[in-house]
Amino acid sequence: TQLLEQSPQFLSIQEGENLTVYCNSSSVFSSLQWYRQEPGEGPVLLVTVVTGGEVKKLKRLTFQFGDARKDSSLHITAAQPGDTGLYLCAGGILTGGGNKLTFGTGTQLKVEL
Amino acid sequence: DTGVSQDPRHKITKRGQNVTFRCDPISEHNRLYWYRQTLGQGPEFLTYFQNEAQLEKSRLLSDRFSAERPKGSFSTLEIQRTEQGDSAMYLCASSSSGTFSPYEQYFGPGTRLTVT
């Protein structure tokens, strides 16, 4: 059974601060996705990383996939109130028929003015 | 660009009743996944389809749960004899088996089930 541990679970920061969320596992994944989820809504895909050591930037968000494809991090620069939400990492195992995702427990981020 | 849609968005039912949820994937996507999310947790995999074939079921999917995708387009998830422990958000996601796309799953808004 693959498990993904996210840290921290909760993060409350002021606008303009930087933050990093970590996603760790003892299992190797084919891919790693990051999602953001608002209350009462489904997760929205932010990024997919598939190569060990890969770094992707999406405006103020930087995503990194560990060299061994077991862990990932999400770094947000100059956080804004609009970044508030639940951030979920999900590791995928690609098989012949699909890509079953194992989700972390999530990091609840609150950015205050 | 039409995303994944789910119906209903909310369902309140009494314990012991049967409920059915529908998911319409992104039109060109041939893979469809069902997940369940309880409060404070990440989604947990339930089952998935490639076209009309159901390829894997989680042990979370008891015999009271059944999912179908009869024509390889929309899917239904039925829960029979609902229990209070079934209360959760049921999420559907779809993906394509194309070159890069198989990694990416796009989620619908979910169906929130409350069993009283």
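Hydrogens, waters and symmetry mates are skipped; everything else that's a heavy atom, side chains included, is used. First the proteins, then the strands, lettered A, B, ... as listed; each starts at 1.
Put simply, the side chain of A:Leu45 reaches to within 4.5 Å of the side chain of B:Tyr106, judged on heavy atoms. Within the 4.5 Å cutoff, side-chain heavy atoms of B:Tyr35 are placed close to those of A:Phe103. For the pair A:Val50 and B:Tyr103, the minimum side-chain heavy-atom distance is below 4.5 Å.
Against chain A, the residues from residues 47-55 of chain B that qualify, each with a non-hydrogen atom under 4.5 angstrom away, are B:Tyr48, B:Gln50, B:Leu55 in number order. Close approach to chain B, defined as a heavy atom under 4.5 Å from one of its heavy atoms, is seen in A:Leu86, A:Leu88 of residues 79-91 of chain A, taken by number.
A 6.0 Å sphere centred on OH of A:Tyr22 holds no more than 12 heavy atoms belonging to other residues, nucleotides or ligands. With a 6.0 Å radius and a threshold of 12 heavy atoms from other residues, nucleotides or ligands, B:Ile12 has its CD1 atom at or below the threshold. Applying the 6.0 Å contact sphere to CZ of B:Arg64 captures more than 12 heavy atoms from other residues, nucleotides or ligands. Within 6.0 Å of CD in A:Glu5 there are 12 or fewer heavy atoms belonging to other residues, nucleotides or ligands. Heavy-atom neighbours of B:Glu68 CD from other residues, nucleotides or ligands within 6.0 Å: at or below the threshold of 12.
Comparing A:Ser31, A:Ser30, A:Gly98 by heavy-atom pairs within less than 4.5 Å of chain B, the highest count is held by A:Gly98. With chain A as partner, the option from B:Gly110, B:Pro43, B:Ser58, B:Gly42 having the largest number of non-hydrogen pairs under 4.5 angstrom is B:Pro43.
A:Trp34 and A:Val28 sit in two unconnected hydrophobic clusters of ILVMFWY residues. Membership requires side-chain heavy atoms under 4.5 Å apart, directly or through other members. A single hydrophobic cluster is not seen to contain both A:Phe65 and A:Leu4; linkage of ILVMFWY side chains at heavy-atom distances under 4.5 Å, directly or through other members, places them apart. Both A:Leu19 and A:Leu58 sit in one connected hydrophobic cluster of ILVMFWY residues. Membership requires side-chain heavy atoms under 4.5 Å apart, directly or through other members. Residues A:Val47 and A:Val21 share a hydrophobic cluster, clusters being chains of Ile/Leu/Val/Met/Phe/Trp/Tyr side chains in contact below 4.5 Å. Using a 4.5 Å cut-off between side-chain heavy atoms of Ile, Leu, Val, Met, Phe, Trp and Tyr, with links allowed through other members, B:Leu32 and B:Leu77 fall into the same hydrophobic cluster.
Interface residue B:Gln37: only side-chain heavy atoms are found under 4.5 Å from chain A. In this structure, the portion of A:Gln37 lying under 4.5 Å from any heavy atom of chain B is its side chain and not its backbone. For B:Arg112, no part sits under 4.5 Å from any heavy atom of chain A, backbone or side chain. For a residue to count as touching a neighbouring chain, one of its non-hydrogen atoms must lie under 4.5 Å from one of that chain's; by this rule B:Glu56 touches chain A with the side chain only.
B:Phe107 and A:Tyr35 have their aromatic ring centers within a separation under 6.0 angstrom.
A salt bridge links A:Glu41 and B:Arg9; the closest N-O separation between the charged side-chain nitrogens and carboxylate oxygens is under 4.0 Å.
In this structure a side-chain-to-backbone donor-acceptor pair under 3.5 Å is present from B:Gln105 to A:Asn99.
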